[in-house]
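In what follows, a single structure is set out as C-alpha coordinates and then discussed.
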Amino acid sequence: MTNAPVICVDGPAGVGKGTLCRALASHFGYALLDSGSLYRLTALKALRSNAVDGSAEQLGALAAQLDVQFKVDAGGTRIVLDGEDVTTAIREEAVGDAASKVSAVPAVREALLQRQRDFAQPPGLVADGRDMGTVVFPQAPAKLFLTADAAERARRRTLQLLEAGENAIFDRIHSDILARDARDASRKVAPLKPADDAVVIDTTSLSIDEVVAQAIAICGENVAKHLIAK
Ligand code: C5P
(Lines give C-alpha, C1' and ligand atoms only; values in the text may rest on other atoms or scores of the structure.)
Protein backbone atom coordinates (compact mmCIF):
# COMPACT_ATOMS: atom_id res chain seq x y z
CA MET A 1 0.00 0.00 0.00
CA THR A 2 1.32 3.50 -0.75
CA ASN A 3 1.45 6.18 1.90
CA ALA A 4 -0.96 8.40 -0.07
CA PRO A 5 -3.52 9.94 2.29
CA VAL A 6 -6.92 8.23 2.20
CA ILE A 7 -10.16 9.78 3.42
CA CYS A 8 -12.69 7.06 4.27
CA VAL A 9 -16.40 7.82 4.14
CA ASP A 10 -18.57 4.95 5.32
CA GLY A 11 -22.26 4.67 6.12
CA PRO A 12 -25.55 3.09 5.10
CA ALA A 13 -27.42 3.34 1.79
CA GLY A 14 -28.83 6.74 0.87
CA VAL A 15 -27.02 8.73 3.55
CA GLY A 16 -25.35 11.12 1.08
CA LYS A 17 -21.87 9.57 0.93
CA GLY A 18 -21.66 9.92 -2.85
CA THR A 19 -22.36 13.66 -2.85
CA LEU A 20 -20.01 14.26 0.06
CA CYS A 21 -17.22 12.16 -1.50
CA ARG A 22 -17.41 14.05 -4.79
CA ALA A 23 -17.19 17.36 -2.89
CA LEU A 24 -14.22 16.12 -0.82
CA ALA A 25 -12.39 14.74 -3.88
CA SER A 26 -12.84 18.04 -5.68
CA HIS A 27 -11.80 20.10 -2.62
CA PHE A 28 -8.60 18.10 -1.93
CA GLY A 29 -7.85 17.26 -5.57
CA TYR A 30 -7.96 13.53 -4.79
CA ALA A 31 -9.21 10.56 -6.81
CA LEU A 32 -12.45 8.89 -5.84
CA LEU A 33 -13.18 5.23 -5.15
CA ASP A 34 -16.87 4.28 -5.22
CA SER A 35 -16.38 0.83 -3.72
CA GLY A 36 -20.11 0.05 -3.98
CA SER A 37 -19.74 0.11 -7.76
CA LEU A 38 -17.40 -2.92 -7.57
CA TYR A 39 -20.06 -4.88 -5.65
CA ARG A 40 -22.71 -3.63 -8.09
CA LEU A 41 -20.56 -4.77 -11.05
CA THR A 42 -20.13 -8.21 -9.49
CA ALA A 43 -23.90 -8.31 -8.90
CA LEU A 44 -24.66 -7.30 -12.48
CA LYS A 45 -22.44 -10.09 -13.80
CA ALA A 46 -24.06 -12.52 -11.37
CA LEU A 47 -27.58 -11.43 -12.39
CA ARG A 48 -26.73 -11.84 -16.05
CA SER A 49 -25.36 -15.32 -15.50
CA ASN A 50 -28.11 -16.34 -13.08
CA ALA A 51 -25.57 -16.77 -10.29
CA VAL A 52 -26.74 -14.38 -7.52
CA ASP A 53 -27.48 -17.38 -5.32
CA GLY A 54 -24.52 -19.34 -6.70
CA SER A 55 -21.68 -20.87 -4.71
CA ALA A 56 -19.11 -18.74 -2.91
CA GLU A 57 -16.48 -20.08 -5.30
CA GLN A 58 -18.49 -19.06 -8.36
CA LEU A 59 -19.21 -15.56 -7.03
CA GLY A 60 -15.61 -15.07 -5.88
CA ALA A 61 -14.39 -16.00 -9.36
CA LEU A 62 -16.82 -13.51 -10.94
CA ALA A 63 -15.48 -10.73 -8.68
CA ALA A 64 -11.85 -11.68 -9.28
CA GLN A 65 -12.30 -11.63 -13.05
CA LEU A 66 -14.14 -8.31 -13.38
CA ASP A 67 -12.84 -6.59 -16.49
CA VAL A 68 -13.69 -3.01 -15.59
CA GLN A 69 -12.49 0.42 -16.57
CA PHE A 70 -13.37 3.69 -14.84
CA LYS A 71 -13.24 6.39 -17.50
CA VAL A 72 -13.12 9.86 -16.01
CA ASP A 73 -14.18 12.70 -18.31
CA ALA A 74 -15.79 16.13 -18.00
CA GLY A 75 -19.24 14.57 -17.52
CA GLY A 76 -18.10 12.39 -14.58
CA THR A 77 -17.00 8.77 -14.41
CA ARG A 78 -18.22 6.19 -16.92
CA ILE A 79 -17.99 2.57 -15.87
CA VAL A 80 -17.17 0.09 -18.62
CA LEU A 81 -17.58 -3.65 -17.95
CA ASP A 82 -16.33 -6.09 -20.59
CA GLY A 83 -16.34 -3.22 -23.09
CA GLU A 84 -19.96 -2.20 -22.32
CA ASP A 85 -20.91 1.12 -20.66
CA VAL A 86 -22.88 -0.01 -17.57
CA THR A 87 -22.82 3.32 -15.70
CA THR A 88 -26.63 3.50 -15.63
CA ALA A 89 -27.35 -0.24 -15.51
CA ILE A 90 -25.52 -0.77 -12.21
CA ARG A 91 -27.62 1.92 -10.48
CA GLU A 92 -30.88 -0.02 -10.83
CA GLU A 93 -32.50 -1.03 -7.53
CA ALA A 94 -32.40 -4.72 -8.52
CA VAL A 95 -28.62 -4.49 -8.95
CA GLY A 96 -28.24 -2.71 -5.58
CA ASP A 97 -30.27 -5.42 -3.95
CA ALA A 98 -28.19 -8.19 -5.56
CA ALA A 99 -25.01 -6.27 -4.60
CA SER A 100 -26.05 -6.38 -0.97
CA LYS A 101 -26.42 -10.18 -1.29
CA VAL A 102 -23.16 -10.95 -3.12
CA SER A 103 -21.22 -8.56 -0.87
CA ALA A 104 -21.99 -10.80 2.11
CA VAL A 105 -19.91 -13.59 0.49
CA PRO A 106 -16.38 -13.56 1.98
CA ALA A 107 -14.79 -14.80 -1.27
CA VAL A 108 -16.26 -11.77 -3.10
CA ARG A 109 -14.90 -9.31 -0.53
CA GLU A 110 -11.50 -11.00 -0.60
CA ALA A 111 -11.40 -10.86 -4.41
CA LEU A 112 -12.11 -7.10 -4.41
CA LEU A 113 -9.78 -6.11 -1.56
CA GLN A 114 -6.52 -5.49 -3.42
CA ARG A 115 -8.33 -3.87 -6.33
CA GLN A 116 -9.68 -1.27 -3.89
CA ARG A 117 -6.32 -0.73 -2.18
CA ASP A 118 -4.69 -0.08 -5.54
CA PHE A 119 -6.74 3.13 -5.84
CA ALA A 120 -4.69 4.72 -3.03
CA GLN A 121 -2.19 6.71 -5.12
CA PRO A 122 -0.73 10.20 -4.71
CA PRO A 123 -1.93 12.85 -4.20
CA GLY A 124 -4.66 10.99 -2.29
CA LEU A 125 -7.96 9.16 -2.34
CA VAL A 126 -11.49 9.61 -1.08
CA ALA A 127 -12.96 6.13 -0.52
CA ASP A 128 -16.74 5.70 -0.32
CA GLY A 129 -18.20 2.49 1.12
CA ARG A 130 -19.20 0.42 4.12
CA ASP A 131 -15.84 -0.96 5.33
CA MET A 132 -13.30 1.57 4.06
CA GLY A 133 -12.20 2.61 7.55
CA THR A 134 -12.52 -0.81 9.19
CA VAL A 135 -11.09 -3.23 6.61
CA VAL A 136 -9.81 -1.76 3.36
CA PHE A 137 -7.84 1.25 4.66
CA PRO A 138 -7.48 0.70 8.43
CA GLN A 139 -4.45 3.05 8.55
CA ALA A 140 -6.24 5.95 6.82
CA PRO A 141 -5.64 9.30 8.50
CA ALA A 142 -9.22 10.54 8.10
CA LYS A 143 -12.36 8.45 8.65
CA LEU A 144 -15.94 9.65 8.61
CA PHE A 145 -19.06 7.61 9.25
CA LEU A 146 -22.32 9.18 8.09
CA THR A 147 -25.68 8.26 9.57
CA ALA A 148 -29.25 9.51 9.06
CA ASP A 149 -32.72 8.22 9.98
CA ALA A 150 -33.89 5.58 7.51
CA ALA A 151 -37.06 7.59 6.80
CA GLU A 152 -34.99 10.68 5.92
CA ARG A 153 -32.73 8.59 3.65
CA ALA A 154 -35.80 7.14 1.94
CA ARG A 155 -37.23 10.65 1.50
CA ARG A 156 -33.98 11.85 -0.14
CA ARG A 157 -33.80 8.81 -2.40
CA THR A 158 -37.46 9.21 -3.44
CA LEU A 159 -36.89 12.88 -4.34
CA GLN A 160 -33.72 12.00 -6.27
CA LEU A 161 -35.57 9.39 -8.37
CA LEU A 162 -38.57 11.67 -8.99
CA GLU A 163 -36.25 14.48 -10.06
CA ALA A 164 -34.60 12.07 -12.49
CA GLY A 165 -38.06 11.39 -13.97
CA GLU A 166 -38.26 7.86 -12.57
CA ASN A 167 -41.02 6.14 -10.62
CA ALA A 168 -40.55 6.19 -6.86
CA ILE A 169 -42.78 4.93 -4.07
CA PHE A 170 -41.63 6.14 -0.65
CA ASP A 171 -42.91 3.11 1.30
CA ARG A 172 -41.15 0.64 -0.96
CA ILE A 173 -37.89 2.59 -0.91
CA HIS A 174 -38.12 2.88 2.89
CA SER A 175 -38.60 -0.87 3.39
CA ASP A 176 -35.80 -1.65 0.89
CA ILE A 177 -33.44 0.65 2.83
CA LEU A 178 -34.34 -1.02 6.13
CA ALA A 179 -33.79 -4.48 4.63
CA ARG A 180 -30.45 -3.51 3.12
CA ASP A 181 -29.28 -1.85 6.37
CA ALA A 182 -30.14 -5.00 8.31
CA ARG A 183 -28.28 -7.20 5.82
CA ASP A 184 -25.21 -4.94 5.65
CA ALA A 185 -25.00 -4.55 9.45
CA SER A 186 -25.57 -8.20 10.35
CA ARG A 187 -23.26 -9.98 7.88
CA LYS A 188 -20.30 -11.84 9.34
CA VAL A 189 -17.60 -10.26 7.18
CA ALA A 190 -16.97 -6.53 7.17
CA PRO A 191 -20.33 -5.56 8.68
CA LEU A 192 -21.41 -1.95 8.39
CA LYS A 193 -20.07 -0.19 11.49
CA PRO A 194 -17.91 2.85 12.26
CA ALA A 195 -14.18 2.28 12.77
CA ASP A 196 -13.10 2.99 16.35
CA ASP A 197 -11.29 6.12 15.16
CA ALA A 198 -14.05 7.36 12.81
CA VAL A 199 -15.89 10.64 13.37
CA VAL A 200 -19.65 9.99 13.18
CA ILE A 201 -21.76 12.70 11.52
CA ASP A 202 -25.55 12.43 11.80
CA THR A 203 -26.82 14.14 8.65
CA THR A 204 -30.57 13.79 9.39
CA SER A 205 -31.11 17.50 9.96
CA LEU A 206 -28.03 18.90 8.20
CA SER A 207 -27.92 20.39 4.70
CA ILE A 208 -25.36 18.97 2.30
CA ASP A 209 -23.38 22.22 2.57
CA GLU A 210 -23.23 21.81 6.35
CA VAL A 211 -22.06 18.20 6.03
CA VAL A 212 -19.39 19.16 3.47
CA ALA A 213 -18.12 22.03 5.67
CA GLN A 214 -17.82 19.76 8.75
CA ALA A 215 -16.17 17.00 6.72
CA ILE A 216 -13.62 19.34 5.11
CA ALA A 217 -12.66 20.75 8.52
CA ILE A 218 -12.17 17.28 10.07
CA CYS A 219 -10.38 15.73 7.09
CA GLY A 220 -8.21 18.78 6.39
CA GLU A 221 -6.82 18.69 9.92
CA ASN A 222 -6.24 14.91 9.95
CA VAL A 223 -4.64 14.83 6.50
CA ALA A 224 -2.36 17.75 7.39
CA LYS A 225 -1.16 15.87 10.52
CA HIS A 226 -0.56 12.75 8.40
CA LEU A 227 1.48 14.66 5.83
CA ILE A 228 3.59 16.39 8.50
CA ALA A 229 4.26 13.05 10.25
CA LYS A 230 5.39 11.34 7.02
O1 C5P B 1 -22.99 2.03 -1.95
P2 C5P B 1 -23.86 1.20 -2.86
O3 C5P B 1 -25.34 1.33 -2.58
O4 C5P B 1 -23.55 1.41 -4.30
O5 C5P B 1 -23.47 -0.31 -2.51
C6 C5P B 1 -24.22 -1.39 -2.98
C7 C5P B 1 -24.08 -2.54 -1.98
O8 C5P B 1 -22.73 -3.01 -2.00
C9 C5P B 1 -24.37 -2.17 -0.52
O10 C5P B 1 -25.71 -2.36 -0.14
C11 C5P B 1 -23.48 -3.10 0.26
O12 C5P B 1 -24.13 -4.31 0.52
C13 C5P B 1 -22.33 -3.39 -0.69
N14 C5P B 1 -21.11 -2.70 -0.33
C15 C5P B 1 -20.28 -3.32 0.59
N16 C5P B 1 -19.09 -2.76 0.91
C17 C5P B 1 -18.71 -1.60 0.37
C18 C5P B 1 -19.55 -0.92 -0.55
C19 C5P B 1 -20.76 -1.51 -0.87
O20 C5P B 1 -20.62 -4.38 1.11
N21 C5P B 1 -17.52 -1.10 0.70
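Indexing begins at 1, ligand by ligand and atom by atom, following the structure's order. None of these values were measured; they are calculated from a predicted model.
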Closest approach of Arg156 to Val15 (non-hydrogen atoms, all atoms of both residues): NH1-O, 3.3 Å
Kindly give the heavy-atom pair with the smallest separation between Leu112 and Tyr39, and that separation in Å.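 Answer, listing the atom of Leu112 first, then Tyr39: CD1-CE2, 3.6 Å.
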List the closest protein heavy-atom neighbour of atom 8 (O) of ligand 1: residue, atom name, distance to the nearest 0.1 Å. Tyr39 CB, 3.5 Å
What protein heavy atom lies closest to atom 16 (N) of ligand 1? Include the residue and the distance to one decimal. Arg109 NH2, 3.0 Å
Give the atom numbers and elements of ligand 1 that come within less than 4.0 Å of a heavy atom of Met132. 21 (N)
Only heavy atoms of Asp184, strictly under 4.0 Å: list the atoms of ligand 1 that pass.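 This gives 9 (C), 10 (O), 11 (C), 12 (O) as the contact atoms.
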Heteroatom proximity flag, [X] to ligand 1, N/O under 3.5 Å:
{"X": "Lys17", "value": "no"}
{"X": "Asp128", "value": "no"}
{"X": "Arg187", "value": "yes"}
{"X": "Ser35", "value": "yes"}
{"X": "Asp34", "value": "no"}
{"X": "Arg40", "value": "yes"}

Do the side chains of Lys45 and Asp82 get close enough for a salt bridge, i.e. N-O under 4.0 angstrom?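 Looking at Asp82 together with Lys45, the answer is yes, because their closest N to O distance falls below 4.0 Å.
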Salt bridge Glu93-Arg157, side-chain N to carboxylate O under 4.0 Å: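 Result for this pair is yes, salt bridge flagged.
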Using side-chain heavy atoms (C-beta onward) and a distance below 4.5 Å, is Arg115 in contact with Leu66?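 A side-chain contact exists here, since the closest heavy-atom pair is under 4.5 Å.
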With Ser100 as partner, the option from Arg40, Arg130, Arg183 fulfilling side chain to side chain donor-acceptor pair (under 3.5 Å) is Arg183
